[in-house]
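As the structure is a computational prediction, the values presented were derived from the model and not from experiment.
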Amino acid sequence: HWYKRTFEGGHEFIVVDAARKTKVRAFDHNSMAQALTRALGREVRADQLPVDDLIYASARTIPTVVVEKKAWACDLQNRASSAQAVPAPRAGDVSIPGEQRSLFVRDHNLWLRDAGAKERPLTTDGDRDRSYAVSPEASTAEITNRRSGKPQIPVGVFSPDGGKYITYRLDQSKVKPLHLLQNVPEDSSVRPVVHEYRYAFPGDTETMAEFFIFDLQSGKQTRVDHSPFVAPAEGPIAMRYVSWSADSRKAYLIEVDRSYRTMSLTEIDAETGRARLLRSETETINYLPAHILPDPPLVHVLTSGDVIWPSERSGSLHLYRYDGKTGALKNQLTPGSGIVREVIRIDEAAGLLYFSAIGAEDGSNPYFRSIWRVKLDGTGLTRLTRDDADHEVKVPADATIAMLYGRPPPTPETAGFSPDGAYFVDSYSTPTLPTVTLIRDAHGKKIMDMETASLGSAIASYVPPEPFRVMAAGGKTPI
């Protein structure tokens, strides 16, 4: 595991080996600075290396460094370096995984560009009111993207094998317009500019998304046999409501109705588009796929077809396991009065699920996350972190979200758990305790320290807030 450690005036790159309990610099920073100075033709400081990423061809080697969108292979002993441009799609394109082909949106339709820059449309019936693979105008980025001239990146999800792509045709034809007033135009003129976009108010007709699956070899377009989804704000794909099975044969759609009372999970046959309802539940309170919207959905489909399903039927948000074939409840996974926040890792081979929860034990701060493990049959519930602090173990990054927001593609280092599941990185803090980061094994045992954050001299006068605890007016709920 490698990470970038920042300090006053600079940063450095560190590699840790949990098995050996070692922590060292990833390479000789002075030699790397000299190599990059020669390669880039400008001075590079050892404590301010302009490195965006490290790429390891194998363990215990000098990594290739990514600088200014180029991958540099540096021979630090012989003071030599060479660079190769990191393949990047054109602006507005999204690369098909493992290929030199890409997808893009033109004139409201989805297009494919091959390695030789030959283009062909995958759809031809899109128009301004019914566009393919775009975000709803109700997203907060619509006017910003127009003003910047930033091209629309296709919104969709590739199958794991890269052979298929699921997206939607967005019907905004009946959504009423809303306006923003720009008082300071970019051209320095004094007259304000009015921007119009479509945004549904309560009671208005909403944006609707009709799903399609595309075969990226044949170009075949298959309509998903499901009524259009309500698509407010960013839309169902940006909300991570669309996923694939590991074998690329099925897609899964999470749907939340407009009242936010009913949530459903539908399985889609990738070849025929045939839909099958796997699970639906209605609550009397707001019902979402996660405890808070920025969190990834708690809904998961296992390789066996079984469904991990969140519900507040007991009064707290817990996880349940359902038979994916019959729909029958197999078992409750997370008992107690706590609230499940995140599913961190599912190890199907070992039959284990790791998650974070808040308020899971009496006496602890009800806002702090703790890390837990439970068997998929609902037994063996174990708390892995004991410090009364907010513990964060990173959930594996979503490749689609990274693509949509221009972030680097996820790598094993972006996940909290090691690829083999033997270790995880735990970062914890409180309002009065700067972040402490360490490595634990899968049983929660501390293996080694990584870093302890420091406020530094720049904010030496900082006075932390004073935590206090009271009971709510009902006399039952701690605040």
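Nearest heavy atom pair, residue Ala290 against residue Pro296, reads CB-O, 3.5 Å. Taking all atoms of both residues into account, the shortest heavy-atom contact from Ser316 to Gly338 is CB-O, 3.2 Å. For the pair Pro160 and Ser245, the tightest heavy-atom approach, listed with the atom from each and the gap, is CG-O, 3.4 Å. The shortest non-hydrogen separation linking Val155 to Gln152 is CG2-NE2, 3.8 Å. In plain terms, the two heavy atoms of Thr205 and Ala200 that are nearest each other are O-CB, 3.6 Å. Minimum interatomic distance between Thr266 and Ala275 (heavy atoms only, all atoms of both residues): CG2-CB, 3.8 Å.
The ring-ring contact (aromatic ring centres under 6.0 Å, His included) pairs that include a residue from residues 232-258 number zero, where partners must be two or more places apart or lie in different chains. Among residues at least two apart or in separate chains, there is no ring-ring contact (aromatic ring centres under 6.0 Å, His included) pair with a member in residues 260-301. Within the structure, ring-ring contact (aromatic ring centres under 6.0 Å, His included) contacts touching residues 129-154 (residues at least two apart or in different chains) are Tyr132-Phe212.
A salt bridge does not link Glu68 with Lys70: every distance from a Lys NZ or Arg NE/NH1/NH2 to an Asp or Glu carboxylate oxygen is 4.0 Å or more. Salt bridge status for Arg249 with Asp269: absent, with no side-chain N to carboxylate O gap under 4.0 Å. Looking at Arg120 and Asp114, no side-chain N of the basic residue comes within less than 4.0 Å of a carboxylate O on the acidic one, giving no salt bridge. Ion pairing between Arg240 and Asp398 fails under the 4.0 Å rule for side-chain N and carboxylate O. Using a cutoff of 4.0 Å between basic side-chain nitrogens and carboxylate oxygens, Glu271 and Lys164 are scored as salt-bridged.
Looking only at side-chain heavy atoms (C-beta outward), Tyr320 and Asn331 stay at 4.5 Å or farther from each other. By the 4.5 Å heavy-atom criterion applied to side chains, Leu353 and Leu376 are counted as neighbours. The shortest distance between side-chain heavy atoms of Val16 and Trp2 does not fall below 4.5 Å.
For the 3.5 Å distance criterion, the side chains of Gln332 and His318 fail to qualify, holding no donor opposite an acceptor. Inspection of the His195 and Arg147 side chains reveals no N or O donor paired with an N or O acceptor under 3.5 Å. Donor-acceptor pairing under 3.5 Å is lacking for the side chains of Asp390 and Ser429. Ser173 and Asp129 form no side-chain donor-acceptor contact under 3.5 Å, judged by distance and modelled atom types alone.
Not a single donor-acceptor pair under 3.5 Å links the side chain of Thr437 to the backbone N or O of Ser427. The closest donor-acceptor contact from the side chain of Arg101 to the backbone of Leu216 lies under 3.5 Å. Using modelled atom types, one side-chain atom of Thr385 and one backbone atom of Ile371 make a donor-acceptor pair closer than 3.5 Å. Between the Ser102 side chain and the Asp93 main chain, no donor and acceptor come within less than 3.5 Å of each other. Looking at Glu283, its side chain does come within 3.5 Å of a backbone N or O of Glu312 through a donor-acceptor pair. In this structure, the side chain of Asn145 does not engage the main chain of Ile143 through any donor-acceptor pair within 3.5 Å. Distance alone, capped at 3.5 Å, is enough to place a donor-acceptor pair between the Thr326 side chain and the Ala328 backbone. Distance alone, capped at 3.5 Å, is enough to place a donor-acceptor pair between the Asp257 side chain and the Thr262 backbone. For Ser148 (side chain) and Thr144 (main-chain N/O), a donor-acceptor pair under 3.5 Å exists by modelled atom type.
Interatomic distance, Ser159 OG to Phe214 CZ, rounded to the nearest 0.5 Å: 13.5 Å. Summarising the geometry, atom CZ belonging to Arg169 is positioned 8.0 Å from atom CZ belonging to Arg130; distances are rounded to the nearest 0.5 Å. Residue Tyr165 holds its OH atom at 9.5 Å from CD1 of Ile96, rounded to the nearest 0.5 Å. Going from atom CG of Leu122 over to atom CG of Leu112 covers 5.5 Å, rounded to the nearest 0.5 Å. Taking CG from Leu180 and CG from Leu178, the interatomic distance works out to 6.5 Å, rounded to the nearest 0.5 Å.
In this structure, Phe368 places its CZ atom where more than 12 heavy-atom neighbours from other residues, nucleotides or ligands lie under 6.0 Å away. Applying the 6.0 Å contact sphere to NZ of Lys250 captures more than 12 heavy atoms from other residues, nucleotides or ligands. Counted within 6.0 Å of CZ on Arg261, heavy atoms from surrounding residues, nucleotides or ligands total more than 12; the atom is thus considered enclosed.
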Donor-acceptor contacts, no H, no angles, side chain residues 223-235, under 3.5 Å, sequence neighbours left out:
from, atom 1, to, atom 2, distance (Å)
Arg223, NE, Glu210, OE2, 2.6
Glu234, OE2, Tyr405, OH, 2.7

Less than 3.5 Å apart, which donor and acceptor atoms pair up between the side chains of residues 341-352 and the rest of the protein, not counting sequence neighbours?
from, atom 1, to, atom 2, distance (Å)
Arg341, NE, Asp295, OD2, 2.9
Arg341, NH2, Asp295, OD1, 3.4
Arg341, NH2, Asp295, OD2, 3.1
Glu342, OE1, Ser356, OG, 2.5
Glu342, OE2, Arg369, NH1, 3.2
Asp347, OD1, Ala349, N, 3.3
Asp347, OD1, Ala350, N, 3.1
Glu348, OE1, Thr303, N, 3.1
Glu348, OE1, Thr303, OG1, 2.7
Glu348, OE2, Thr303, N, 3.1

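For Phe13, the ring-ring contact (aromatic ring centres under 6.0 Å, His included) test picks out His11, with sequence neighbours left out. Considering only residues two or more places apart in sequence or on other chains, Ser248 meets the side chain to side chain donor-acceptor pair (under 3.5 Å) condition with Asp161. Residues passing the ring-ring contact (aromatic ring centres under 6.0 Å, His included) test with Tyr3: none are found, sequence neighbours excluded. Not counting sequence neighbours, the partners of His391 by the ring-ring contact (aromatic ring centres under 6.0 Å, His included) test are Tyr428. With sequence neighbours excluded, the residues satisfying side chain to side chain contact (heavy atoms under 4.5 Å, CB included) with Pro185 are Asp187, Ser189, Val193. Applying the ring-ring contact (aromatic ring centres under 6.0 Å, His included) test to Tyr197 and every residue at least two apart in sequence or in another chain returns nothing. By the salt bridge (Lys or Arg N to Asp or Glu O under 4.0 Å) test, Arg5 is found to be paired with Glu12, Glu451, residues two or more places apart in sequence or in another chain being considered.
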Step by step, work out the side-chain hydrogen bond (donor to acceptor under 3.5 Å, both in side chains) result for Ser311 and Trp309. CA-CA 7 Å; Ser311 173; Trp309 184 260; 5.3 Å; no

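Two rings, from Tyr354 and Phe417, have their centers less than 6.0 Å apart.
Between Tyr168 and Phe211, the angle of the ring planes goes over 60°, which puts this pair in the perpendicular group of the 30/60° scheme.
Screening His108, Gln172, Glu137 against Ser131 for a side-chain hydrogen bond (donor to acceptor under 3.5 Å, both in side chains) leaves a single residue, His108.
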